[in-house]
Amino acid sequence: LAAVGSQFVVVRKGQRLREGPSPTSKKKARLQLGDVIDVQATELVDGHVRVQSPRGWCDCPPHVLNLDLVSNSILGRDH
């Protein structure tokens with residue numbers, strides 16, 4: 001799972017934000033290519049990693065690369 005404070009960039013079309021980690025939670029905005037996701041929390045639901053950002057939750061299935069790690073920041077330092 002992604003560490004809190006990590007950043008991901010959207011590298012595939014079709015990614016949606018949801019209100020919660022459940023795949024049945026209400027849909028929100030559609031992410032655009034190049035959008036940066038600041039990780040606030042992660043959960044594993046039905047074999048899929050769900051990532052929470054300030055804008056909502058998104059899905060990152062293990063067999064599809066929708067997000068690409070930009071940085072993994074711990075205590076303000078990039079690693």
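Being a predicted model, the structure only gives us computed values, none of them experimental.
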Exercise. Can you name the one residue among K28, E43, E19 that meets side-chain contact (heavy atoms from CB on, under 4.5 Å) with W57?
Worked result: E43
Seminar exercise, completed: Value for NZ (K27) from CG (L17), rounded to nearest 0.5 Å, stands at 12.0 Å
For this session: List in chain and number order the residues that pass salt bridge (Lys or Arg N to Asp or Glu O under 4.0 Å) with R55, two or more places apart in sequence or in another chain; answer none if no residue qualifies.
Result: D35
Exercise. Can Q52 and R50 be said to form a side-chain contact (heavy atoms from CB on, under 4.5 Å), step by step?
Worked result: CA-CA 7 Å; Q52 183 184 27; R50 311 291 185 188; over 6 Å; no
Exercise. Taking only residues two or more places apart in sequence, or in another chain, which ones meet S25 in a side-chain hydrogen bond (donor to acceptor under 3.5 Å, both in side chains)?
Worked result: none
Exercise. From I37 CD1 over to C58 SG, what is the distance, rounded to the nearest 0.5 angstrom?
Worked result: 4.5 Å
For this session: Give the minimum heavy-atom separation between D38 and P54, together with the two atoms involved.
Result: O-CD, 3.6 Å
Exercise. Roughly how far apart are T24 OG1 and R18 CZ, rounded to 0.5 Å?
Worked result: 7.5 Å
